[in-house]
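Heads up: the structure comes next, in structure tokens.
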Amino acid sequence: MKYGYFDDDKAEYVITRPDTPTSWSNYLGSTVYGAVITNNAGGYGFYKSGAQGRFMRLRFNAVPMDQPGRYFYLRDQEDGDFWSASWQPVGKPLDQYKSECRHGTAYTTITSEYKGIKSETKYYVPLGQNFEYWRLKVTNTSDKVRKIRVFSYCEFSNQWNTTQDQVNLQYSLFIVKGEKVGDNLLRYSIQDNLYIQHPEYEVGGAYMSEWVALIGTPMTGFDTSREAFIGTYGSYEHPKAVVDGACTNSEAFGDNSCGTVQGDLELQPGETKEIMLMLGIDDALAVGQKIVNEFGTFKRADEEFEKLVNNWHAKLGSFKAITPDEDINHTVNVWGLYNCLITFAWSRAASLVYNGERDGLGYRDSVQDILGVSAAIPEEAEERLVRMISGQCQNGGAVPVISKDFNAGHEKAPKPEEFRSDDCEWFFNAVPCYVAESGNFDFYNKVVPYADGGEATVYGHLKRALEFNLERMGADGLPCGLLADWNDCLKLGYHGESLFVAFQLRLGLTTYADISERLGKKDEAAWALKERDTLDANIQKKCWDGKWFIWAVGEDGTVYGTQTIEEGQIYFNTQVWAVMSSAATAEQARICMESVKEKLATPYGLMLCAPPFVKTRSDIMSSVVFLPGIKENAGIFNHTQGWGVIAETMLGNGDRAYEYCKASIPAAYNDKAEIRQSEPYVVGQTTYSTFSKRPGNTRTSWLSGAGTWSYYAITQYMLGIKPQYDGLLIDPCIKHDWDGFTVERRWRKMNLHIEVKNPQHICKGIEYIEVDGKRIDAAVIPVSELKDGSKIVAYMGKDAKSSPVERV
Ligand code: NOJ
């Protein structure tokens with residue numbers, strides 16, 4: 001079933017049926033003033049923190065999942081009939097009510113048509129501002145004069161801390177005030193006396209406040225009291241004031257507040273009128289009025305919209321592809337990257353599922369997020385990378401979360417048993433990716449503090465990351481699993497051993513050796529390669545189970561992930577990382593990836609393990625708490641799907657890489673959205689697998705490592721455009737029947753036009769490349785051969801030499 005389509009030219013997803021299987025959401029604003037908005041205008045707003053700065057309320061995990069939100073009610077004053085400008089909350093019958101929602105880059109537009117009245121609502125937060133616009137155009141498409149009364153509605157939190165707001169009612173119901181302070185201006189304050197005593201207080205601390213202004217028509221009424229507007233026995237569907245036909249001009253004094261202004265539009269046949277609501281945080285008179293004075297015209301609102309769109313579209317311009325596959329095009333050209341950028345901004349903070357408690361950057365996820373955004377925003381990627389590296393402690397492990405007030409050099413290191421084993425090994429993916437993207441090789445010499453004091457160059461930090469694991473080896477010479485590795489649920493005991501981390505470490509040692517060579521540090525390179533040899537020997541001695549690599553070794557010596565164990569026999573991560581780290585022999589790589597196909601591949605993606613855990617003790621495998629076939633318990637954990645694609649491309653299996661890619665990318669489900677249920681334009685953390693009762697259903701949209709790895713796998717491995725330190729590698733691995741594809745790639749401030757031709761219909765192998773007409777018999781184009789506007793034609797062919805570079 002189809003609920004919408006992609007409009008890539010406008011970088012929008014268009015929802016044509018509002019009754020989507022779940023609420024399909026989008027983000028507005030920035031990490032300072034942020035908002036979640038759905039296709040039915042549900043959602044919330046927050047200042048700096050989803051949980052601590054929640055100024056606009058969402059009733060979490062309610063039915064529907066997105067209410068309340070940013071609503072306009074339209075009321076026909078002739079007959080009293082009313083509806084909302086988004087289908088919900090009034091929810092008129094869909095045979096009479098037409099609606100279209102366009103989710104764009106940090107804006108959402110919803111149009112509706114009902115009984116001869118068309119409306120268009122556009123929501124956005126101007127760049128760098130702490131307020132939002134709700135613009136409303138109303139058109140009379142009937143042949144008689146229409147009198148339409150408009151009411152806005154949102155629900156402000158009583159306390160910006162969500163727990164206080166929703167649970168501690170004996171306090172939070174007695175601190176809120178709403179008042180009219182100007183012809184078209186409403187003021188909301190929480191703990192107002194504190195502001196009166198201390199007007200210098202920063203908003204969002206002890207003092208919280210919002211304002212609402214109506215532009216373009218006189219405010220003919222208002223309600224700031226939720227109880228007055230909705231009524232004791234009313235609802236969002238039937239708010240009392242709208243049913244009655246007029247606001248009551250209520251000034252909230254305790255209980256709950258709401259943002260309701262009332263305006264009246266008289267429309268001739270064919271006539272359109274536009275009004276807009278501005279809503280922001282901070283004091284209405286001291287701040288709001290000034291913002292209204294400066295930004296409160298339609299002209300200014302148009303300019304701000306244009307700036308916003310240009311800013312986002314410029315980022316999306318870093319990589320554009322035309323391939324024979326439309327789903328891949330939607331993913332690469334708009335939604336994959338937009339998803340990466342939103343995830344980079346918000347980490348795992350705020351969505352319809354994340355309430356915002358995790359205020360800060362979860363370590364491993366945020367390091368990986370760099371991979372998806374380095375091309376689009378290299379400066380911000382560098383800044384983030386430095387911050388993440390400064391979260392490494394002197395012992396080489398990392399603090400689990402970089403909080404907002406994190407103070408590098410002055411933090412307390414976690415207790416020994418609190419370290420994760422994988423955290424800093426992600427450097428070996430993220431740092432070379434950023435350096436190759438930017439060309440800033442000197443980054444390795446940049447001095448960065450450790451979280452708990454002292455400092456080192458980035459290169460020094462990389463060495464400490466390796467040493468952290470090398471100094472914590474288990475009985476079989478594999479890295480200890482510590483509190484957990486990437487898999488939060490794996491409880492091996494501190495000295496249990498993680499093969500996944502062994503593969504990360506192997507990749508790290510290889511990468512470190514390469515960097516050392518380039519820095520002229522031959523001894524260091526030799527050290528790393530010697531350590532790698534020892535590790536390889538240990539891996540081969542203990543970890544090959546005949547058809548696949550084992551999962552891990554428990555502290556008591558139990559080996560997990562073997563053909564003879566009943567549950568969790570085969571684990572996905574150790575197969576793909578055996579290939580990605582080049583630890584597997586060619587034969588092992590072939591066999592283990594065949595096992596993946598046979599045991600873990602489903603039409604909806606690759607399962608994390610199989611069979612699921614039912615009887616295994618939860619102190620060893622805590623994913624047993626999840627229902628079989630979901631999340632870490634044999635679910636399809638989407639974070640890992642890109643690894644499957646990368647591993648297959650490294651083996652040259654373009655057809656299989658394509659198959660895995662298509663099984664997992666959201667766009668491929670656009671025509672069967674009822675299977676996935678979540679937004680077909682963004683990733684979800686987890687998909688129910690065939691071990692479950694609901695295969696294909698996907699949950700926890702937007703904020704997941706799935707975004708980064710799927711985008712990175714497609715752009716750098718499948719399409720194969722991969723920056724190197726001193727050149728650009730073009731080494732695709734595609735479906736054999738593709739004739740080729742084109743890419744517009746921004747790299748080191750150059751715009752490059754790349755065409756890949758595949759006349760012999762092979763999956764992988766570049767014979768030669770022409771750069772502005774000059775032939776290069778290699779897959780890497782030296783940076784000196786490139787200039788802004790260079791035209792590159794890469795020819796795939798059977799006579800290609802094997803791929804020169806396999807850095808993940
Ligand atoms: C979710 C976490 O955000 C991520 O860091 C972790 O790797 C996965 N869970 C797998 O357990």
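All ligand and atom numbering here is 1-based and tracks the order in the structure.
- Taking Lys662 as the reference, Asp325, Asp327 meet the salt bridge (charged side-chain N to carboxylate O under 4.0 Å, His left out) condition, with sequence neighbours excluded.
- Evaluation of the salt bridge (charged side-chain N to carboxylate O under 4.0 Å, His left out) test over residues 466-476, restricted to residues two or more places apart or in two chains, returns Lys463-Glu467, Arg464-Glu467, Arg464-Glu471, Asp476-Lys542.
- Checked against the 6.0 Å centroid threshold, Tyr660 and Tyr658 do not count as a close aromatic pair.
- The number of heavy-atom neighbours closer than 6.0 Å to NZ of Lys547, taken from other residues, nucleotides and ligands shown, is 12 or below.
- Between Tyr571 and Tyr560, the ring center distance fails the sub-6.0 Å criterion.
- Sorted by chain and number, the residues within 4.0 Å of ligand 1 by heavy atom are Arg364, Asp365, Trp486, Asn487, Asp488, Glu632, Phe637, Gln685.
- With sequence neighbours excluded, the residues that form a ring pair (Phe, Tyr, Trp, His ring centres under 6.0 Å) with Trp702 are Tyr27, Tyr338.
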